[in-house]
Number of protein chains: 2
Amino acid sequence: MTASRPAFMHLSPADTVGIALRALSAGEEALGVTLGADVPLGHKFAVTAMPAGAAVVKYGQVMGVATADIAPGDHVHSHNCAMSDSHSDRSDARGTLHAAPARQTFEGYLRPDGRVGTRNYIGIMASVNCSSTVCNAIADAANRTLLPRFPGIDGFAPIVHDQGCGMASAGEGFDALVRVLKGYRDHPNFGGVLIVGLGCEVNQLTLYKRTDWTEERIGIFNIQDVGGSASAVRRALDLLEPICAAANEDRRSEQPVSKLVLGMQCGGSDGFSGITANPALGVASDMLVAAGGTSILSETPEIYGAEHLLIARADAETGRKIEGMIDWWRDYAAKNGASLDNNPSPGNKRGGLTTILEKSLGAVAKGGLSPLAGAFAYAEPIRIPGFVYMDSPGYDPVAATGQVASGANLIAFTTGRGSCFGAKPAPSIKLASNSDLARRMPEDMDIDCGVVIEEGVSLEEMGQRIYDLLLDTASGKKSKSEEFGYGDNEFVPWKIGATL
Amino acid sequence: MTASRPAFMHLSPADTVGIALRALSAGEEALGVTLGADVPLGHKFAVTAMPAGAAVVKYGQVMGVATADIAPGDHVHSHNCAMSDSHSDRSDARGTLHAAPARQTFEGYLRPDGRVGTRNYIGIMASVNCSSTVCNAIADAANRTLLPRFPGIDGFAPIVHDQGCGMASAGEGFDALVRVLKGYRDHPNFGGVLIVGLGCEVNQLTLYKRTDWTEERIGIFNIQDVGGSASAVRRALDLLEPICAAANEDRRSEQPVSKLVLGMQCGGSDGFSGITANPALGVASDMLVAAGGTSILSETPEIYGAEHLLIARADAETGRKIEGMIDWWRDYAAKNGASLDNNPSPGNKRGGLTTILEKSLGAVAKGGLSPLAGAFAYAEPIRIPGFVYMDSPGYDPVAATGQVASGANLIAFTTGRGSCFGAKPAPSIKLASNSDLARRMPEDMDIDCGVVIEEGVSLEEMGQRIYDLLLDTASGKKSKSEEFGYGDNEFVPWKIGATL
Ligand SMILES: [Ca+2]
Ligand SMILES: [Ca+2]
Ligand SMILES: [Ca+2]
Ligand SMILES: [Ca+2]
Ligand SMILES: [Ca+2]
């Protein structure tokens, strides 16, 4: 299954270019062609002839056009390749479905609404920063005193944050916060939820009463109504008794993979992310989609420049939604004096990235090649199967919080530098883009995608390994970040508006 | 010292109006005048004649002008009082210094830079959200294993947050975060600091090395450089040994009150805040200033409409700075689709508030009557004595975080609804605006300012009680929020720019 370290790779069968995995010299043979020039590590070389004006294809996607005639074996970079103004209408750009994977089930918690949990936490949710310390104190006390009595529960997860007051009580900032909190309240990884407010905040508890849950599954109160902070902890422990008794009876059962909702993230990327962890995760995402599951791509500033390729894989309505997101982001960035410039930096160019499209494709590669089934606002409920897009910033905790609120019950996070992250109540696995990282931070990395380069493991095989780990994790195997205890500080709802 | 519940009050000797503390009827005597009309609870009545065009004075400040001739005993409200276009140039508007208080010292920790700590914490600071869980784990482990061995230390305080990456690496948003973190790193309430980064974040640790501290007082490292999360906790505990050994020797000594820097906050205000807790805190602030200390007013959106009265108390340069802040806020609010409208709401009007100025004066009353000695940006170091202004949002955790970063070693927080708050490493006392709140939430309220109304305690006497509690708290008396354990979740640096 593994081989010695390869010198080059072909990311996708449709690609017109190969990638050098070490500095290659003119005259060497690679992917069946003879190199006509030296090709530095990470750079591209032509595997087919591309006359001037022809598409340059990488990741199975058009990343630019030839600006001069390119012969097989030529070094392909800024001197003979550039962005094209006209967008691709290649038919294979519409998306292709992966073959159905062999494993079609996992072990999960079937909830009354038909969704399935991969964990059975009790959420201790704050409506406002002012009740966050009390929520943490409740979770600490419950983990100490209640958890030993209710072994069917995975733990008490504080869902605390910095918002909820000092903000406009209407508008997109407030709406985003409400969507996030409702998404967590309703999350299938919670067997029960306690929501604690202060009382005088803008974000009132009256918004959050969950009416389809029996009283054995939800509790809700304000600190100011029960006599203060210490009284609130006592009240909470009382309210948690029946919630825990009910949740403690929940059991895993065999569930179809179609109940999995995967949120995909990348952070701390390096030159390997786009050729190992991201495309390998793309294969796993394609397998999940082929099995009827849902896979969510996000991080709009990081896909900026490649949006037309997502739009080409979508129906007209989804395409218009993505265009609307891109317009919103241009406006948001301009208004805040920021820039969405995703152009390759001089360092990127030295590393072999030629166009903004090629750079963004490295991030989009997480989404594989499946058709795009829908586009959603940040933290909007996602209740359809297939590969979908959810708008978000690129900042990892904010992006993942939105995906979990949308319904993700599993997070897959690729990293080249070694990101540390957890997303309670959803388990989050970390995919190292290079083996050096996997060896250096074994406490945090769940799987080493660097073997694609170090051992010549194919992206297809690497995708299968990730798919298996995703199903094992969904079925209860603890991720590295769960073992350490990540997830109590990474709930970060997107703060869109002004702090007042 | 105390009396039965009074029916009316005079907030300041210069005031031309009194306040009804219950519904008063025409014909009743109040403050030496006979009421000419019914005066509802919380409303104003004239104690001197005010011909049309004359100033209406409350809190010793001009809050509007008479729009009709007003006789002593008349009800003063929207029918005969309004904002004036011309600003006051009354000479007493320039600020008056309080008589020096009797108590001129407290017990604090003198630091090498000449500032004085009111606590002796060890800060465990995160450069980025990604290192926050590790910082919490370090603080938990250190509080469990190191604190029992080093009783001279007050505890290990995690200073963790949601920022540090996914943001522009320059500009006002980044600058504000750096000021906040440097202000905490340098805070006199820390006997030592450990700063932990992830490694690949925008907010690099290289910004934070403190060169004037010996190695026994500061530690700094990245998680990615030490092999991961669990290794980072072990490394931290090693680095903390010499830091703790040094800080454990720190002792309190008698220090002049001029070393106190008080940050003033209000949150969850009610109809009593402006006539009890806020003006009583104003007296305490004036006493502190008279003793050579520093007192910081903030929360620009809440003083909006009363800024010219602060400007009248300041020199020309400080005045220009405050004008600049108001302009900045108008622009910031507009750009974000928010509004700085501080006009009295219909409910405010029913409660007796007539003008925007009167409403803002209720917040400004915390600042007493002292001259304004300076104006500072959010989290800018404040190293001068006197009553000063620091720009901030009104949102309590964000405002207080800025004040502590500026150097506040004590926080006084007035509340009518019952805010719950802590500001580690600075102790924070809660001042209840009404006795009902003080009785309902005794676990959280440090002092009851409602006795101004319930028992007729004078504002001067109430101010003295607050001053005494401030000095006792500075000397080591634990605040209610410290007893509960507040302060690990209320460090919220102002997020100004876009999340990317
Ligand atoms: Ca948080
Ligand atoms: Ca990211
Ligand atoms: Ca904690
Ligand atoms: Ca926080
Ligand atoms: Ca406030």
Side-chain angles (χ1 to χ4, degrees), chain A residues 129-134 136-137 160-162 165-168 171 173 198-200 223-224 227-231 267-268 301 332-333 335-340 393-398 417-422 440-444 484-490 492 494-500, chain B residues 129-134 136-137 160-162 165-168 171 173 198-200 223-224 227-231 267-268 301 332-333 335-340 393-398 417-422 440-444 484-490 492 494-500:
Chain A
N129 182 256
C130 312
S131 57
S132 292
T133 288
V134 163
N136 267 322
V160 302
H161 55 95
D162 293 348
C165 210
M167 65 193 303
L198 176 61
C200 56
I223 297 169
Q224 287 171 349
S229 304
S231 298
Y332 174 66
K335 194 161 79 174
N336 284 282
S339 134
L340 285 183
Y395 189 38
D396 312 319
V398 173
R417 302 286 302 278
S419 291
C420 293
F421 182 76
R440 205 173 61 244
M441 294 179 66
E443 302 164 350
D444 295 276
F484 183 81
Y486 273 96
D488 292 352
N489 301 283
E490 293 80 7
V492 185
W494 190 7
K495 171 107 190 72
I496 301 179
T499 301
L500 297 175
Chain B
N129 181 257
C130 312
S131 58
S132 291
T133 288
V134 162
N136 268 320
V160 302
H161 55 96
D162 292 348
C165 210
M167 67 193 302
L198 175 60
C200 56
I223 297 170
Q224 288 172 348
S229 304
S231 298
Y332 175 66
K335 192 162 81 172
N336 283 281
S339 133
L340 285 182
Y395 188 38
D396 311 320
V398 174
R417 303 288 302 278
S419 291
C420 293
F421 182 75
R440 206 171 62 244
M441 294 177 69
E443 302 164 350
D444 295 277
F484 182 82
Y486 273 96
D488 292 352
N489 300 282
E490 294 79 10
V492 184
W494 190 6
K495 170 106 188 75
I496 301 178
T499 301
L500 297 175

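Labels below follow one simple rule: chain letters A, B, ... track the order of the sequence lines, proteins then strands, and each chain is numbered from 1.
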Visitor: List the atom of A/Asp162, the atom of B/Tyr395, and the distance in Å for their closest heavy-atom pair.
Guide: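 Looks like O-OH, 2.8 Å.
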Visitor: Which distance, rounded to the nearest 0.5 Å, do you find between the CE of A/Met441 and the CD1 of B/Ile223?
Guide: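 These two atoms lie 7.0 Å from each other.
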Visitor: Identify the two heavy atoms, one from B/Tyr332 and one from A/Thr499, that lie closest to each other, and give their separation to 0.1 Å.
Guide: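 Scanning both residues completely, I find the closest heavy atoms to be OH-N, 3.1 Å.
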Visitor: Out of A/Cys420, A/Ser229, A/Ala333, A/Ser419, which one racks up the most heavy-atom pairs below 4.5 Å with chain B?
Guide: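 The option with the most such pairs is A/Ser229.
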Visitor: Pick one of side chain, backbone, both or neither for A/Phe484, based on which atoms fall under 4.5 Å of a heavy atom in chain B.
Guide: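 Just its side chain gets close to chain B.
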Visitor: Count the heavy-atom pairs under 4.5 Å between each of B/Pro393, B/Gly485, B/Ser132 and chain A, then report the option with the highest count.
Guide: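 Max contact count across the listed options: B/Pro393.
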Visitor: Can you give me the closest heavy-atom contact between B/Gln224 and A/Arg440, atom names plus distance?
Guide: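 Closest approach of B/Gln224 to A/Arg440: O-NE, 3.8 Å.
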Visitor: Quiz question: by atom type and distance under 3.5 Å, do the side chains of A/Asn489 and B/Asn136 form a donor-acceptor pair?
Guide: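 A/Asn489 vs B/Asn136: donor-acceptor pair found between side chains.
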Visitor: Less than 4.5 Å apart, any side-chain heavy atom of A/Val134 and any of B/Tyr486?
Guide: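 Yes, at least one pair of side-chain atoms sits under 4.5 Å.
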Visitor: If you count heavy-atom pairs under 4.5 Å with chain A, which of B/Ala338, B/Cys165, B/Gly497 comes out on top?
Guide: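 Heavy-atom pairs under 4.5 Å are most numerous for B/Cys165.
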Visitor: Do you know which two heavy atoms are closest between B/Gly268 and A/Cys200, and how far apart they sit?
Guide: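 The pair with the smallest heavy-atom distance is CA-SG, 3.9 Å.
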Visitor: Can you measure from OG1 (A/Thr133) to CD (B/Glu490) and round to the nearest 0.5 angstrom?
Guide: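 Answer rounded to 0.5 Å: 3.5 Å.
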Visitor: Quick one: what part of A/Ala498 sits under 4.5 Å from any heavy atom of chain B, side chain, backbone, both or neither?
Guide: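 For A/Ala498, heavy atoms of backbone and side chain both lie under 4.5 Å from chain B.
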Visitor: Pick from A/Ala230, A/Gly166, A/Gly337, A/Ala168: which one has the most heavy-atom pairs with chain B under 4.5 Å?
Guide: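 Most pairs with chain B among the choices: A/Ala230.
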Visitor: Atom CG in B/Asn336, atom CE in A/Met167: separation rounded to 0.5 Å?
Guide: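 Interatomic distance, B/Asn336 CG to A/Met167 CE, rounded to 0.5 Å: 11.5 Å.
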Visitor: Supply the atom-to-atom distance B/Phe421 CZ to A/Cys130 SG, rounded to the nearest 0.5 angstrom.
Guide: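 One gets 8.5 Å once the value is rounded to the nearest 0.5 Å.
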Visitor: Looking only at non-hydrogen atoms, find the nearest pair between A/Asp444 and B/Gly228 and report the distance.
Guide: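 A/Asp444 and B/Gly228 have their closest heavy atoms at OD2-CA, 3.1 Å.
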Visitor: If you round to the nearest 0.5 Å, how far is CG of A/Leu500 from OG of B/Ser339?
Guide: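 Spacing of OG (B/Ser339) from CG (A/Leu500) equals 8.0 Å.
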Visitor: Tell me, for A/Ser231 versus chain B, whether the close heavy atoms (under 4.5 Å) come from the side chain, the backbone, both or neither.
Guide: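 Both backbone and side chain of A/Ser231 come within 4.5 Å of chain B.
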Visitor: Can you say whether B/Leu198 sits under 4.5 Å from chain A via the side chain, the backbone, both, or neither, judging by heavy atoms?
Guide: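 For B/Leu198, side-chain heavy atoms alone lie under 4.5 Å from chain A.
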Visitor: Mind ranking A/Gly394, A/Gly487, A/Pro301 by heavy-atom pairs under 4.5 Å with chain B and telling me who comes out on top?
Guide: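 Winner by heavy-atom pair count: A/Gly394.
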